[in-house]
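A single structure is presented below for examination.
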Amino acid sequence: MLPDQPQKIEPLHLAKAGKKIAGQYVLNDMHRLCELLHDNTGLVSFTLEFTRDEEHKLYCVVGGIEAKLHTVCQRCLGGMVLQINSPVKLGMVNGQTEISKLPDKYDPLILDDDPISLLDLIEDELLLAVPISPMHELDHCSATRIINKIHDEAPNRPFAILKKLTQKVHN
Ligand SMILES: [Zn+2]
């Protein structure tokens with residue numbers, strides 16, 4: 001973490017003052033996220049602008065998060081690098097009941113009386129940006145090569161097996 005980066009923030013105060021926060025965290029500090037990774041090295045970069053959306057009459061946080069995550073492909077179980085470039089669009093609400101009033105383009109940020117952890121906020125956004133089943137592009141996944149090989153070697157195999165089975169029944 002950069003030395004001048006606040007650990008705790010009060011989003012509403014920052015939005016009323018029109019503040020901007022940009023910085024970096026090491027991935028290793030994000031313990032929930034690290035459970036999804038097979039290598040915790042790397043950085044998360046973020047820019048957050050706390051501001052007022054005059055059109056929708058609400059305070060919001062807009063910005064972006066960037067990270068390179070070392071995760072596991074769910075098709076071939078090989079290591080893969082997942083590039084995250086995720087926009088942040090949070091609308092501040094005072095409680096669960098206000099969430100339904102938020103315009104579609106915003107995710108809710110529920111305000112609390114206590115300051116919130118900046119790291120938790122960034123980690124939450126990053127967790128939402130990670131796909132449930134990350135996979136290589138088809139052309140770059142070793143599972144694709146294996147599946148193609150099976151298809152090439154025995155294109156009609158299921159029918160061949162079926163034929164054998166029916167022969168057995170008749171005999
Ligand atoms: Zn793969």
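Every number for a ligand or one of its atoms is a count from 1 in the order of the listing. Sequence positions, counted from 1, serve as the residue numbers for this chain.
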Legend entry - Set of side-chain contact (heavy atoms from CB on, under 4.5 Å) partners for D124, sequence neighbours left out: R32
Inset, instruction - Of all the heavy-atom pairs spanning I65 and F46, show the shortest one and how long it is. - result: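 Closest approach of I65 to F46: CG1-CB, 4.1 Å.
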Inset, instruction - Write down the atom of R52, the atom of E54, and the distance for their closest heavy-atom approach. - result: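 Smallest heavy-atom distance, with atoms named: CG-OE2, 3.4 Å.
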Inset, instruction - Report the protein N/O/S neighbours of the Zn ion (ligand 1) that fall below 2.8 Å; do not count waters. - result: C73 SG, C76 SG, H136 ND1, C141 SG
Legend entry - Closest non-hydrogen atom pair, H136 against G78: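 So the minimum-distance heavy-atom pair works out to CE1-O, 4.2 Å.
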Inset, instruction - Measure across T71 and L36 and return the closest heavy-atom pair with its distance rounded to 0.1 Å. - result: OG1-O, 3.4 Å
Legend entry - Heavy-atom pair with the smallest gap, counting every atom of M92 and P11: CE-O, 3.4 Å
